[in-house]
A.B. asks: 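The structure that follows is given in the form of structure tokens.
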Amino acid sequence: ITDLEFKGLMGKAELIVGCSDYVCNGITNRMDGLGLSGSLDVLTIYNGADLEKFTVSEDYFYRHSLQNILFVGRLLPEKGVLELIKAFRKLVSSRLSKATLTIIGAGSFTKNNQKSEYDYQLSDAASGIEDRINFTGLIDNNKLSGYMKKASVFVCPSTWNEPFGIVITEAMAAGLPIIASNRGGIPEIVDEAGILIDPEDVDELANALGQLLDDRIAAQKYAKMGYQRFMKKFNWGVIASQWQSILNGQFKMNLLILK
């Protein structure tokens with residue numbers, strides 16, 4: 001939005017709530033640049049996931065034995081899918097590995113069969129290892145937990161600055177170890193409960209995948225840390241209490257939510 005529109009919104013609000021510190025810092029910096037420093041409180045309240053929907057009861061060692069890497073998201077350049085496929089190719093060509101890669105999503109939210117140029121790039125990158133990669137296309141959200149039950153590692157390799165990353169919290173709730181981009185709001189979600197990588201460094205991503213697929217003890221450690229972090233930060237009970245505190249406090253009506 002323009003600076004004029006931004007100032008207009010700020011003038012109508014009593015409190016700004018963002019979904020990550022990354023978002024809130026961006027708003028604060030813009031306010032500072034427009035001479036609005038200190039005029040409004042800016043507060044972070046994270047998004048979350050449905051614990052009952054994504055909690056997985058199976059033994060993680062069994063899921064680790066499946067050696068299945070999972071990606072969920074739109075098939076767009078900024079989501080890092082091409083880099084993931086390249087890293088996966090390095091992984092399977094450098095070792096005797098039975099690893100597979102499941103890619104859930106499509107380039108758009110419409111169920112049409114028209115391929116984009118990026119879709120063709122992904123197909124080319126997967127050439128020769130098609131038997132190891134499952135492109136599911138769009139799926140019903142209610143089926144996502146089923147795919148997570150069959151996954152060993154979850155990867156979010158976004159190359160742009162994601163404001164948050166709800167799918168990461170869903171994977172945490174499902175008890176999956178996380179490999180994720182070091183950009184945007186993602187690092188504050190994962191913190192030390194996963195492996196952060198430069199998403200454009202294919203070798204680094206391949207090494208991180210190999211590390212968790214080779215070492216089930218390390219993978220389980222990250223899975224447990226991620227689940228514990230989810231319970232502390234991203235379950236709806238915690239988030240609802242934070243919102244309730246705001247609604248019961250001094251900020252009654254003019255709340256601006258940014259995400």
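Quick caveat, the model's predicted, so the values are computed rather than measured.
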A.B. asks: Mind checking what makes side-chain contact (heavy atoms from CB on, under 4.5 Å) contact with Thr2, not counting sequence neighbours?
C.D. replies: Leu4, Glu5
A.B. asks: Looking at every heavy atom in both Met10 and Leu36, which two are closest together, and how far apart are they?
C.D. replies: CG-CD1, 4.0 Å
A.B. asks: Tell me, please, which residues at least two apart from Asp131 pass salt bridge (charged side-chain N to carboxylate O under 4.0 Å, His left out).
C.D. replies: none
A.B. asks: For the residue pair Met231 and Leu51, what are the closest heavy atoms and their distance?
C.D. replies: SD-CD2, 3.6 Å
A.B. asks: Apply side-chain contact (heavy atoms from CB on, under 4.5 Å) to Leu43 and list each qualifying residue two or more places apart in sequence or on a separate chain.
C.D. replies: Leu15, Ile45, Ile246
A.B. asks: For residues 157-168, tabulate all N or O donor-acceptor pairs below 3.5 Å that involve a side-chain atom, not counting sequence neighbours.
C.D. replies:
| unit_1 | atom_1 | unit_2 | atom_2 | d |
| --- | --- | --- | --- | --- |
| Ser158 | OG | Glu162 | OE2 | 2.7 |
| Thr159 | OG1 | Pro77 | O | 3.4 |
| Thr159 | OG1 | Glu78 | O | 3.3 |
| Trp160 | NE1 | Glu162 | OE2 | 3.1 |
| Asn161 | OD1 | Gly184 | N | 3.2 |
| Asn161 | ND2 | Tyr22 | OH | 3.3 |
| Glu162 | OE2 | Lys79 | NZ | 2.7 |

A.B. asks: To the nearest 0.5 Å, tell me how far Arg229 CZ sits from Ile189 CD1.
C.D. replies: 8.5 Å
A.B. asks: If we ignore hydrogens and angles and just use 3.5 Å, is the side chain of Asp140 paired with the main-chain N or O of Asn142 as donor and acceptor?
C.D. replies: yes
A.B. asks: Rounded to the nearest 0.5 Å, how far apart are OG of Ser37 and CG of Asn29?
C.D. replies: 9.5 Å
A.B. asks: Considering residues at least two apart in sequence or located in another chain, which fulfil the side-chain hydrogen bond (donor to acceptor under 3.5 Å, both in side chains) criterion with Asp124?
C.D. replies: none
A.B. asks: To the nearest 0.5 Å, how far apart are CG in Leu138 and CZ in Arg74?
C.D. replies: 9.5 Å
A.B. asks: Working note: Asp201 + Ile197, criterion side chain to side chain contact (heavy atoms under 4.5 Å, CB included); need CA distance, chi angles, decisive distance, verdict.
C.D. replies: CA-CA 8 Å; Asp201 188 331; Ile197 49 93; over 6 Å; no
A.B. asks: Identify the two heavy atoms, one from Ala206 and one from Ala87, that lie closest to each other, and give their separation to 0.1 Å.
C.D. replies: CB-O, 3.5 Å
A.B. asks: Indicate yes or no: at least one non-hydrogen side-chain atom of Val17 is less than 4.5 angstrom from one of Cys24.
C.D. replies: no
A.B. asks: How would you list, by chain and number, every residue that makes a side-chain contact (heavy atoms from CB on, under 4.5 Å) with Thr28, sequence neighbours excluded?
C.D. replies: Asp32, Val42
A.B. asks: If you measure only the distance, is there a donor-acceptor pair under 3.5 Å linking the side chains of Thr100 and Asn68?
C.D. replies: yes
A.B. asks: Taking only residues at least two apart or on different chains, which pairs with a member in residues 43-53 satisfy salt bridge (Lys or Arg N to Asp or Glu O under 4.0 Å)?
C.D. replies: none
A.B. asks: In Å, rounded to the nearest 0.5 Å, how long is the span from CG of Leu122 to CD of Glu117?
C.D. replies: 11.0 Å
A.B. asks: Of all the heavy-atom pairs spanning Val202 and Lys90, show the shortest one and how long it is.
C.D. replies: CG1-CD, 3.7 Å
A.B. asks: Applying the side chain to side chain contact (heavy atoms under 4.5 Å, CB included) test to Ile103, which of Asn134, Leu75, Leu70, Thr136 qualifies?
C.D. replies: Leu75
A.B. asks: Not counting sequence neighbours, which residues clear side-chain contact (heavy atoms from CB on, under 4.5 Å) with Ile217? List them please.
C.D. replies: Phe61, Asp215
A.B. asks: So, for Tyr222 and Glu192, which heavy atoms are closest and what is the spacing to 0.1 Å?
C.D. replies: CE2-O, 3.9 Å
A.B. asks: Indicate, with yes or no, if Leu101 and Tyr118 share a hydrophobic cluster defined by side-chain heavy-atom contacts under 4.5 Å among Ile, Leu, Val, Met, Phe, Trp and Tyr.
C.D. replies: yes
A.B. asks: Go through the structure and list residues passing side-chain hydrogen bond (donor to acceptor under 3.5 Å, both in side chains) with Gln244, not counting sequence neighbours.
C.D. replies: Asn248
A.B. asks: Identify the two heavy atoms, one from Phe135 and one from Ala126, that lie closest to each other, and give their separation to 0.1 Å.
C.D. replies: CE1-CB, 4.3 Å
A.B. asks: Count I, L, V, M, F, W, Y as connected when their side-chain heavy atoms are under 4.5 Å apart, and connections chain through other members. Are Val72 and Tyr147 then in the same cluster?
C.D. replies: yes
A.B. asks: My understanding is that only residues two or more places apart in sequence, or in another chain, count here; which of them pass salt bridge (charged side-chain N to carboxylate O under 4.0 Å, His left out) with Asp21?
C.D. replies: none
A.B. asks: Identify, with sequence neighbours excluded, every residue that meets side-chain hydrogen bond (donor to acceptor under 3.5 Å, both in side chains) alongside Tyr227.
C.D. replies: none
A.B. asks: List for me each residue that meets salt bridge (charged side-chain N to carboxylate O under 4.0 Å, His left out) alongside Asp198, sequence neighbours excluded, and say none if there are none.
C.D. replies: Arg183
A.B. asks: Would you give the length of the straight line joining atom CD1 of Ile104 to atom CZ of Phe71, rounded to the nearest 0.5 angstrom?
C.D. replies: 9.5 Å
A.B. asks: When hydrophobic residues are tied together by side-chain contacts of less than 4.5 Å, even through go-betweens, does Ile27 share a cluster with Leu34?
C.D. replies: yes
A.B. asks: Are side-chain N/O atoms of Gln242 and Tyr46 paired as donor and acceptor at under 3.5 Å?
C.D. replies: no
A.B. asks: To the nearest 0.5 Å, tell me how far Ser241 OG sits from Trp236 CH2.
C.D. replies: 12.0 Å
